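Single-structure report; data block below.
Bear in mind that the values here come from a model prediction, so they are computed numbers and not experimental data. Note that the numbering runs from 1 along the sequence shown for the chain. What you see below is based on every heavy atom in this structure, not just the backbone, and it leaves out hydrogens, waters and symmetry mates.
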Amino acid sequence: MLKYKLLYLFLFLSMMVNQAYSQDSTAMRNEKAQNLSIGIAFDYLKLHTLLTDESEKWEGAINFRILDKVSVIGEYGIATLTPEEAYKNAEYKSEGDYYRIGLDYHFTVVPNNFLFLGLRYGQSSFSENIAYEIGNPIFENETGQLNRENLSATWYEFVLTSEKKVRKIGRKDIPDIISIGLKFRLKSLQEYTNFDDFEVKNIPGYGQTNIKLNPEFNLYIKFRIPVF
C-alpha cells in the first residue's frame, strides 16, 4: 500500500508543479526581481509539543535568496524525545540537535502566493538514555540504565512548500516582510548509529528509525530582510 500511496503523491505533486510553472510564466511579470534577500523562519507547529510529555522541539531556519527563483536554505533545531511506546517497561529519552542544508526553487502561483520545491541534506548528533526494568517472578526485578553518547544520523529530504505573504493584519496594511507557510517533507533515512540490543528508536530531526520514508508537516512564520 505504501508504494501506491507514494505513487499517487508524486503524481499529485507533478500536477501541482506543472500548473504552478504555467502560471509562473505569466503572473507577476511587473514585480521587481529580488536578487538577494534573507529570510528567518520559525516552526510554530512544533510549539504544541511543549504542551505534551513526549517531546520538546525547537526549530528555525534561514534562507538566502541568491537569485530571482533560487534560495539557499539552512535549518537548525534541538529536540528532546521521550516516547512512552519506545520500549516496554523502560523509560526512553533521545536528545540532541540537527541541521539541514539545501536549495529551494520558487514558483509564483498567484500574486503573493508561492510554491517552492526543494531538496535537503540532514544530519543529527544526539544521545540516548534507557532506564529499564526486567520482571522476575522469583527474585527482585532487574533494573539498569544505558547511556549512549555521540550518536549520529544522516538523511535526505524532498520538500514541498506553500507560502503566502501577509500584507494586512486585520484591516491595517503592514510592510512586505512577513510570510506564513506550510511545508511538507518526505525524509529518506540513510545512515545512523545502531546497536544489536536496545535499538535506537528516535532521531532528533528525523523521527522513528523504523520508518525509512518518513513524512512530516511544518507550519512556519518567516520574516524577510531585503538586501538589494
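Around atom CD of Gln190, more than 12 heavy atoms belonging to other residues, nucleotides or ligands sit under 6.0 Å away. At most 12 heavy atoms of other shown residues, nucleotides or ligands fall within 6.0 angstrom of atom CD in Glu191. For NZ of Lys93, the number of neighbouring non-hydrogen atoms (other residues, nucleotides, ligands) closer than 6.0 Å is 12 at most. Atom OH of Tyr156 sits in a sparse spot, with 12 or fewer heavy atoms from other residues, nucleotides or ligands closer than 6.0 Å. Other residues, nucleotides and ligands place no more than 12 heavy atoms under 6.0 Å from the CG atom of Asn150.
Lys222 places no side-chain N or O within donor-acceptor distance of the main-chain N or O of Ala61, the cut-off being under 3.5 Å. Looking only at distances, no side-chain donor or acceptor of Asp104 sits under 3.5 Å from a matching main-chain atom of Ile73. Side-chain N or O atoms of Ser124 include one that pairs as donor or acceptor with a backbone N or O of Asp97 at under 3.5 Å.
Asn147 and Glu149 share no side-chain donor-acceptor pair at under 3.5 Å.
Among all heavy-atom pairs drawn from Val166 and Ile174, the shortest one is O-CD1, 3.4 Å. Of all heavy-atom pairs spanning Gln145 and Ala131, the tightest one is OE1-CB, 4.1 Å. Residues Tyr220 and Ser162 share a closest heavy-atom pair of OH-O, 4.3 Å. Heavy-atom minimum distance, Ser71 versus His106: OG-NE2, 2.8 Å. Looking at every heavy atom in both residues, Leu189 comes nearest to Trp155 through CA-CB, 3.9 Å. Shortest non-hydrogen contact noted between Ala90 and Ile130 is CB-CG2, 4.2 Å.
Rounded to the nearest 0.5 Å, atoms CG (Leu67) and CG (Leu103) are 10.0 Å apart. Once rounded to the nearest 0.5 Å, the distance linking CD1 of Ile203 with NZ of Lys187 reads 10.0 Å. Between Ser179 atom OG and Arg167 atom CZ the span is 9.0 Å, to the nearest 0.5 Å. Remark: Ile211 CD1 to Asn202 CG distance equals 9.0 Å, nearest 0.5 Å. Ser125 OG to Leu151 CG: the interatomic distance, rounded to the nearest 0.5 Å, is 9.0 Å. Tyr206 OH to Glu157 CD: the interatomic distance, rounded to the nearest 0.5 Å, is 9.5 Å.
Looking at heavy atoms from C-beta onward, Lys165 lies in side-chain contact with Arg224 at the 4.5 angstrom threshold. Considering only heavy atoms from C-beta on, Ser127 comes within 4.5 Å of Glu95 through its side chain.
A continuous path of hydrophobic side-chain contacts links Phe64 to Leu119 [ILVMFWY only; heavy atoms under 4.5 Å]. Under the 4.5 Å side-chain contact rule for hydrophobic residues, Leu115 and Leu219 share a cluster. Residues Phe217 and Leu186 are members of one and the same hydrophobic cluster, defined by side-chain heavy-atom contacts under 4.5 angstrom among Ile, Leu, Val, Met, Phe, Trp and Tyr. Residues Val159 and Ile221 fall into different hydrophobic clusters, defined by Ile, Leu, Val, Met, Phe, Trp and Tyr side chains chained together at heavy-atom separations under 4.5 Å. Grouping the Ile, Leu, Val, Met, Phe, Trp and Tyr side chains by contacts below 4.5 angstrom, directly or via other members, places Ile180 with Phe107.
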(message) Checking Tyr105 against Val70 for the side chain to side chain contact (heavy atoms under 4.5 Å, CB included) test, could you report, in this order, the C-alpha distance in whole Å, the side-chain angles of both residues, the deciding distance, and whether it holds?
(response) CA-CA 5 Å; Tyr105 188 84; Val70 178; 4.0 Å; yes

(request) Show the numbers, then the answer: is there a side chain to side chain donor-acceptor pair (under 3.5 Å) between Glu216 and Asn214? (result) CA-CA 7 Å; Glu216 180 182 280; Asn214 187 18; 5.5 Å; no

(message) Using side chain to side chain contact (heavy atoms under 4.5 Å, CB included), reason through Leu160 and Leu117 one step at a time and then give a plain yes or no.
(response) CA-CA 5 Å; Leu160 174 65; Leu117 292 181; 3.3 Å; yes

(message) For Tyr99 and Tyr121: C-alpha separation, side-chain torsions, deciding distance, then whether side chain to side chain contact (heavy atoms under 4.5 Å, CB included) applies.
(response) CA-CA 8 Å; Tyr99 71 87; Tyr121 167 80; 4.0 Å; yes

(request) Check the pair Leu182, Thr161 against side chain to side chain contact (heavy atoms under 4.5 Å, CB included), reporting the backbone distance first and the verdict last. (result) CA-CA 6 Å; Leu182 169 67; Thr161 306; over 6 Å; no

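Taking the six-membered ring for Trp and thresholds of 30 and 60 degrees, Phe223 and Phe42 have ring planes more than 60 degrees apart, a perpendicular arrangement. The aromatic rings of Phe116 and Phe114 lie parallel to each other, their planes meeting at an angle below 30°, with 60° marking the opposite boundary.
At a threshold of 4.0 Å, the pair Glu59-Arg185 counts as salt-bridged, since one of the basic side-chain nitrogens sits closer than that to a carboxylate oxygen. Checked for salt-bridge contact, Arg148 and Glu128 meet the test: a charged N lies under 4.0 Å from a carboxylate O.
In summary, of the residues considered (Thr193, Leu81, Val200, Ile78), a side-chain contact (heavy atoms from CB on, under 4.5 Å) with Phe126 occurs for Val200 alone.
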